[in-house]
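Inspection log for the structure reproduced underneath, given as structure tokens.
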Amino acid sequence: MDNTFKLWIVKLGKLVFAGEIFGIPSDEDSFSFTFAIDEEVANVFIDEETAMYIANICGGTVIKKEVTSDQYIRLESKNRDYLNREEEFEQIQSIGISIQ
């Protein structure tokens with residue numbers, strides 16, 4: 001493939017790492033991650049070392065992908081949209097609004 005990028009995702013069983021949970025601080029001993037079933041919303045890493053770091057923390061595995069630049073942009077956008085929905089949900093929950 002021309003113009004391909006190597007990316008890495010972190011899998012934990014059937015789940016994929018999507019990002020950190022909004023509003024919860026993390027440090028070396030404490031972290032809060034969000035995972036999803038849909039690989040399309042996975043956080044994609046442009047460097048294997050960072051993916052390995054996350055995988056080691058959560059007990060997951062790193063999967064290498066090769067994608068075109070258009071695919072990369074689409075995946076980044078889907079992940080960002082997913083995390084924004086998670087953030088919006090957390091904000092609504094914090095003020096006590098019920099979603100039905």
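- Proximity of K14 to I37: side-chain heavy atoms (C-beta onward) are nowhere separated by under 4.5 Å.
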Report task. Before giving the answer on side chain to side chain contact (heavy atoms under 4.5 Å, CB included), spell out for V10 and T61 the whole-Å C-alpha distance, their side-chain angles and the decisive distance to 0.1 Å. Result -> CA-CA 6 Å; V10 175; T61 57; over 6 Å; no
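- Among the candidates L15, N43, I54, the single residue satisfying the side chain to side chain contact (heavy atoms under 4.5 Å, CB included) test with F33 is I54.
- Looking at heavy atoms from C-beta onward, T68 lies in side-chain contact with Q71 at the 4.5 angstrom threshold.
- For the pair N79/V44, no side-chain contact is recorded, criterion being any heavy-atom separation below 4.5 Å from C-beta on.
- K6 is not listed as a side-chain neighbour of E48, based on a closest heavy-atom distance of 4.5 Å or more.
- Looking at E40 and K78, a side-chain N of the basic residue comes within less than 4.0 Å of a carboxylate O on the acidic one, giving a salt bridge.
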task = List the steps and the verdict of side chain to side chain contact (heavy atoms under 4.5 Å, CB included) for M52 and T50.
result = CA-CA 5 Å; M52 289 297 297; T50 304; over 6 Å; no
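- Atoms CD and OG1, on E66 and T4 in that order, are 5.0 Å from each other to the nearest 0.5 Å.
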- Quick one: do V62 and I9 satisfy side chain to side chain contact (heavy atoms under 4.5 Å, CB included)? Show the steps, please. CA-CA 6 Å; V62 174; I9 63 170; over 6 Å; no
Fill in: Test side chain to side chain contact (heavy atoms under 4.5 Å, CB included) applied to R80 and N84, step by step
CA-CA 6 Å; R80 189 171 38 258; N84 286 341; 3.9 Å; yes
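- Under the 3.5 Å distance criterion, the side-chain polar atoms of E76 are left unmatched by any main-chain donor or acceptor of I73.
- Exactly one residue among F17, F5, W8 makes a ring-ring contact (aromatic ring centres under 6.0 Å, His included) with F45. That residue is F17.
- Rounded to the nearest 0.5 angstrom, L83 CG and T34 OG1 are separated by 7.0 Å.
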